[in-house]
Amino acid sequence: MFKRIKEDIEVVFEQDPAARTYLEVILTYSGLHAIWAHRLAHSFYKRKFFFIARAISQISRFFTGIEIHPGAKIGRRFFIDHGMGVVIGETCEIGDNVTVYQGVTLGGTGKEKGKRHPTIEDNALIATGAKVLGSITVGENAKIGAGSVVLKDVPPNSTVVGIPGRVVIRDGVKVKKDLNHSDLPDPVADRCTAIEEKMRRLQEELEELKQKGVHKEHADSNL
C-alpha cells in the first residue's frame with residue numbers, strides 16, 4: 001500500500017512542474033486525494049459494500065470536484081492534473097501511466113448496457129475538456145486533444161482531435177492535415193460569392209436580351 005502511495009506522489013512530480021514539496025502535494029493536490037479516495041471506495045465495492053463505496057466516492061466528489069464511480073478500474077501511476085469536473089463512469093477501465101486533465105468525461109452514451117464506458121490503455125493522455133463516450137477503447141500511447149468528442153475506438157500511438165474525434169496522427173505520421181482556422185468555412189463569404197455569381201449570370205442574360213432586341217429591330221427596319 002505504501003509503495004502505491006509513493007508511486008502516486010512521484011508521478012505528480014514527474015507530470016507537474018509546479019509541484020514543489022511532498023507536503024504541498026500531499027495536502028493540496030485534489031487529483032491525488034480523489035485517486036486515494038477511489039482506491040478505498042473500490043476496495044469496498046469489490047467486497048459488495050456498495051453503499052459505503054458510493055458514500056466515499058460522493059464525499060470525495062464534494063471535496064475535490066472529481067467524480068469517480070467506485071466500480072471503475074484504475075491502474076498504477078494514474079495522474080489527474082487540476083481535475084475539476086473530471087467524471088469517470090462505473091465500467092471504465094484505465095491502464096497504467098494514464099494522464100487526464102480537468103473537465104474530462106469518461107462516460108457512456110446512454111444506449112449501452114453492461115460494459116458502457118471506455119477502456120483507456122497504458123500511457124494514454126486525455127486533454128482538457130475531452131469527452132470519451134461509450135464502450136470504446138483508446139489504445140496505448142494515444143492522445144486525445146482538448147475539447148474532442150470521441151465515440152469510436154482510437155488506435156494505439158494515435159492523436160485524435162475534433163468533434164467528432166478524428167485521427168490526425170498515427171505512428172508519428174500525419175493522417176490528415178491539422179485543422180487551420182483559415183480553412184474554416186465562412187458562410188457570409190460563401191453567400192456573397194453566390195450572390196456575385198448570380199448577378200454575373202443575370203448580367204449576361206440581360207446582354208443577350210439586348211443583343212436579340214437589336215437584331216430584331218434591325219430585321220424589322222429592313223422589311
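For F50, the ring pair (Phe, Tyr, Trp, His ring centres under 6.0 Å) partners at least two apart in sequence or on another chain are Y45. Checked against side-chain hydrogen bond (donor to acceptor under 3.5 Å, both in side chains), E204 has the following partners two or more places apart in sequence or in another chain: R200. Every residue two or more places apart in sequence or in another chain that forms a side-chain hydrogen bond (donor to acceptor under 3.5 Å, both in side chains) with E67 is listed here: R61. A search for salt bridge (Lys or Arg N to Asp or Glu O under 4.0 Å) contacts involving E7 returns R76, not counting sequence neighbours. Partners of S135 by side-chain contact (heavy atoms from CB on, under 4.5 Å), not counting sequence neighbours, listed by chain and number: K115. In this structure T109 satisfies the side-chain hydrogen bond (donor to acceptor under 3.5 Å, both in side chains) test together with E112, sequence neighbours excluded. For T28, the side-chain contact (heavy atoms from CB on, under 4.5 Å) partners at least two apart in sequence or on another chain are E24. By the ring pair (Phe, Tyr, Trp, His ring centres under 6.0 Å) test, Y22 pairs with F13, sequence neighbours left out. Evaluation of the ring pair (Phe, Tyr, Trp, His ring centres under 6.0 Å) rule for H38 yields H42 as partners, not counting sequence neighbours. Every residue meeting the side-chain contact (heavy atoms from CB on, under 4.5 Å) condition with I195, not counting sequence neighbours, appears here in chain and number order: R191, M199. Under the rule for a side-chain hydrogen bond (donor to acceptor under 3.5 Å, both in side chains), D122 has no partner lying at least two apart in sequence or in another chain. In this structure, the side-chain contact (heavy atoms from CB on, under 4.5 Å) partners of L151, at least two apart in sequence or on a different chain, are L133, V149.
Residues I136 and V98 share a hydrophobic cluster, clusters being chains of Ile/Leu/Val/Met/Phe/Trp/Tyr side chains in contact below 4.5 Å. In the hydrophobic cluster analysis, where Ile, Leu, Val, Met, Phe, Trp and Tyr join through side-chain heavy atoms closer than 4.5 angstrom, F79 is grouped together with I5. Under the 4.5 Å side-chain heavy-atom criterion for grouping Ile, Leu, Val, Met, Phe, Trp and Tyr, V167 is connected to V138 within one hydrophobic cluster. Residues I56 and I59 fall into different hydrophobic clusters, defined by Ile, Leu, Val, Met, Phe, Trp and Tyr side chains chained together at heavy-atom separations under 4.5 Å. Cluster annotation: V87 and I80 are assigned to distinct hydrophobic clusters (Ile/Leu/Val/Met/Phe/Trp/Tyr, side-chain heavy-atom contacts under 4.5 Å, transitive).
Contact detail for G114 and T91: the closest heavy-atom pair is O-CG2, 3.5 Å. The shortest non-hydrogen separation linking A41 to S57 is CB-N, 4.4 Å. Here the closest heavy-atom approach between residue G139 and residue A124 is recorded as O-CB, 4.2 Å. In plain terms, the two heavy atoms of A34 and I68 that are nearest each other are O-CD1, 4.1 Å. Between I88 and A72, the closest heavy-atom pair is CG2-CB, 3.9 Å. Of all non-hydrogen atoms in D153 and P155, the two that sit nearest each other are O-CD, 3.9 Å.
Residues H69 and R54 have side chains in contact (heavy-atom distance under 4.5 Å, counting atoms from C-beta outward). Side-chain atoms of I66 and M84, non-hydrogen and from C-beta on, never get closer than 4.5 Å to each other. Taking the side chain as every heavy atom from C-beta outward, E207 and K210 approach each other to under 4.5 Å. You'll find the side chain of P156 stays beyond 4.5 Å of the side chain of N141, heavy atoms only. The shortest distance between side-chain heavy atoms of R39 and R4 falls below 4.5 Å. Between I74 and I35 there is no side-chain heavy-atom pair separated by less than 4.5 Å. Between E121 and T137, the closest side-chain pair of non-hydrogen atoms falls below 4.5 Å.
In this structure, Y29 OH and W36 CH2 are separated by 12.5 Å, a value rounded to the nearest 0.5 Å. Rounding to the nearest 0.5 angstrom, the gap separating the CD atom in E208 from the CD atom in Q203 is 11.5 Å. Interatomic distance, D8 CG to R77 CZ, rounded to the nearest 0.5 Å: 9.0 Å. Between the OG atom of S30 and the CZ atom of F63 there is a distance of 13.0 Å, given to the nearest 0.5 Å. Atom CD1 in I120 sits 6.5 Å away from atom CD1 in I94 (nearest 0.5 Å). I163 CD1 to S148 OG: the interatomic distance, rounded to the nearest 0.5 Å, is 7.0 Å.
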- Task: Take V100 and F78 through the test side-chain contact (heavy atoms from CB on, under 4.5 Å) and record every step on the way to the result.
- Result: CA-CA 8 Å; V100 302; F78 179 52; 3.9 Å; yes

- Message: I'd like to know whether L106 forms a side-chain contact (heavy atoms from CB on, under 4.5 Å) with I126, so could you lay out the CA-CA distance, the side-chain angles of the two residues, the decisive distance to 0.1 Å, and finally the verdict.
- Response: CA-CA 10 Å; L106 305 178; I126 306 176; 3.7 Å; yes

- Message: Show, in sequence, the C-alpha distance, side-chain angles and deciding distance for R201 and E205, and conclude whether the salt bridge (Lys or Arg N to Asp or Glu O under 4.0 Å) test is met.
- Response: CA-CA 6 Å; R201 285 200 295 263; E205 291 176 4; 5.9 Å; no

- Verify side-chain contact (heavy atoms from CB on, under 4.5 Å) between R166 and V160, making sure each step is shown before the conclusion. CA-CA 5 Å; R166 66 190 189 284; V160 170; 5.7 Å; no

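Residue K143 places its NZ atom among 12 or fewer non-hydrogen atoms of other residues, nucleotides or ligands, all under 6.0 Å distant.
K131 places a side-chain N or O within donor-acceptor distance of the main-chain N or O of G103, the cut-off being under 3.5 Å.
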